[in-house]
Every structure is written in structure tokens, then in C-alpha cells.
Amino acid sequence: MNSPNQPLPTFDEVLLCTPQTTAEQVGLFLRRCLIPCSRGEKIYTMLYADELSYDVSCRAEELFQHLQHYNSTYRLVILCNCEREHSYIPSVFSQYKVHMIPQRPLAEIQQYLQHHYRVAQPSSSAASVFKDNMCVGIVSSKRAGVGK
């Protein structure tokens with residue numbers, strides 16, 4: 001986010017972890033990150049890695065230990081909930097832990113995201129549903145089941 005022209009991460013650079021994330025999904029992600037090839041300088045990110053099951057976490061650690069020897073220049077960020085810092089993945093990688101506070105003001109972050117998510121040529125698309133021709137939006141309600 002150093003420049004508004006920097007692209008957002010692509011689908012292959014981010015793994016959103018849940019308790020249902022499989023070892024195969026984590027394995028494919030780690031292979032993309034750790035096996036060297038000519039893909040440029042991507043930064044790979046595992047979000048909510050603390051949510052992975054114990055078995056998947058163990059297999060992910062084993063694969064990481066095995067694959068990291070193939071590439072010494074990988075770029076991997078693992079984001080976890082600080083309230084779950086004692087779960088498996090945060091514990092295993094605790095020696096690399098960095099407490100992070102956003103360095104940019106919220107308004108600047110929002111402006112960066114708006115730059116990338118705005119539909120250039122408004123048309124009769126789903127983007128017209130969201131404010132300011134954004135192609136993404138968050139719909140929420142305090143009441144469950146009201147047709148969101």
C-alpha cells in the first residue's frame with residue numbers, strides 16, 4: 001500500500017483459514033509460496049491461521065519445514081488473532097512474531113481500497129448496487145434472517 005497503483009493481492013496469494021480448511025489447501029498454498037519459480041515478488045498471506053485444526057496445523061508445519069529449504073527468499077505473512085496466540089501455528093512461528101499496528105490512517109486505507117474496488121465504467125452490473133460504484137460491499141444487519 002505504498003502507492004495507490006500497487007495491486008491488491010491476487011487469489012493465489014491469500015489463504016483465508018477456517019476450522020474447515022484442509023491440509024491439501026494449506027499444502028497447495030505453501031507450495032506456491034515456498035517452491036521457487038518465476039512468479040515475481042509476491043507476498044503470500046495466511047489469514048486466521050490460528051483457526052486451523054490441530055492436525056492440519058501439524059501437517060502444515062511439517063510441510064513448511066520441508067519446503068523452506070528450497071527457497072530462502074520466500075515472502076510469507078501469517079496473521080492470527082492475538083487472543084488465540086497459544087494455538088498451534090502462532091506457537092510454532094512465535095520466534096518470528098511481530099505485533100503490528102496499521103501504519104496508515106484508516107481514511108488512507110479506505111481510499112486505497114476504493115481506488116482498487118471502484119468500477120471504472122458504471123454499467124448495469126452488481127456494482128451499481130453498492131455505494132460509489134464499488135464492486136464489493138458489506139451487507140449486515142443486527143437481525144438474523146432478514147434477506148441479506
Side-chain angles (χ1 to χ4, degrees), residues 1-121 125-142 148:
M1 200 184 106
N2 293 329
S3 156
N5 297 325
Q6 277 186 308
L8 291 169
T10 57
F11 72 94
D12 65 327
E13 293 176 87
V14 179
L15 179 64
L16 179 61
C17 301
T18 68
Q20 291 75 37
T21 302
T22 65
E24 286 90 0
Q25 291 170 316
V26 176
L28 287 171
F29 178 78
L30 288 174
R31 283 179 178 85
R32 279 195 302 264
C33 173
L34 296 168
I35 294 178
C37 61
S38 59
R39 289 196 192 124
E41 303 248 339
K42 293 185 174 188
I43 300 173
Y44 293 89
T45 307
M46 289 179 68
L47 297 170
Y48 304 115
D50 53 294
E51 300 253 342
L52 294 173
S53 70
Y54 181 79
D55 292 337
V56 171
S57 296
C58 290
R59 290 176 63 188
E61 180 204 4
E62 288 173 13
L63 183 60
F64 176 84
Q65 297 298 338
H66 175 71
L67 292 176
Q68 74 172 346
H69 301 292
Y70 293 104
N71 185 359
S72 61
T73 61
Y74 63 89
R75 298 165 72 175
L76 175 63
V77 177
I78 301 174
L79 296 174
C80 299
N81 183 339
C82 65
E83 295 175 4
R84 294 179 44 94
E85 67 183 336
H86 299 294
S87 59
Y88 193 87
I89 292 290
S91 296
V92 166
F93 293 98
S94 64
Q95 63 190 6
Y96 306 107
K97 180 169 49 173
V98 175
H99 290 282
M100 200 214 101
I101 297 171
Q103 300 297 310
R104 306 281 184 168
L106 178 60
E108 194 174 320
I109 294 170
Q110 289 173 332
Q111 186 177 20
Y112 172 80
L113 293 173
Q114 285 176 350
H115 172 75
H116 287 286
Y117 286 122
R118 182 167 283 123
V119 175
Q121 294 290 345
S125 70
S128 62
V129 173
F130 297 110
K131 180 181 174 186
D132 299 327
N133 292 318
M134 294 290 135
C135 63
V136 296
I138 298 174
V139 178
S140 65
S141 173
K142 294 184 192 288
K148 293 183 283 302

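Looking only at side-chain heavy atoms (C-beta outward), Y74 and Y44 stay at 4.5 Å or farther from each other. Side-chain contact check for Y112 versus E108: every heavy-atom pair is 4.5 Å or farther apart.
Scanning for side-chain contact (heavy atoms from CB on, under 4.5 Å) contacts around S91 gives an empty result, with sequence neighbours left out. With sequence neighbours left out, H115 forms a ring pair (Phe, Tyr, Trp, His ring centres under 6.0 Å) with no residue at all. With sequence neighbours excluded, no residue satisfies ring pair (Phe, Tyr, Trp, His ring centres under 6.0 Å) with Y117. With sequence neighbours left out, Y48 forms a ring pair (Phe, Tyr, Trp, His ring centres under 6.0 Å) with no residue at all.
To the nearest 0.5 angstrom, L63 atom CG is 10.5 Å from Q68 atom CD. Distance CG/L79 to CG/L15: 11.5 Å, rounded to 0.5 Å. Between the CG atom of L30 and the CG atom of L34 there is a distance of 5.5 Å, given to the nearest 0.5 Å.
Residues E13 and F29 share a closest heavy-atom pair of O-CE1, 3.5 Å. When all heavy atoms of F64 and L76 are compared, the closest pair comes out as CE1-CD2, 4.0 Å. Closest approach of C33 to N71, counting heavy atoms only: O-ND2, 3.8 Å.
In this structure, Y70 and H66 have perpendicular ring planes: the angle between them is above 60°, well past the 30° mark.
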Donor-acceptor contacts under 3.5 Å from residues 51-62 side chains, at least two apart:
| residue | atom | partner | partner atom | Å |
| --- | --- | --- | --- | --- |
| S53 | OG | V56 | N | 3.3 |
| S57 | OG | S53 | O | 2.9 |
| E61 | OE1 | Y88 | OH | 2.3 |

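Pairs of residues two or more places apart, or lying in two chains, that qualify as salt bridge (Lys or Arg N to Asp or Glu O under 4.0 Å) and include a residue from residues 64-86 are E41-R75, D50-R84, E85-K97.
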request  = Take L113 and L8, measure what side chain to side chain contact (heavy atoms under 4.5 Å, CB included) needs, and give me the verdict at the end.
outcome  = CA-CA 8 Å; L113 293 173; L8 291 169; 4.0 Å; yes
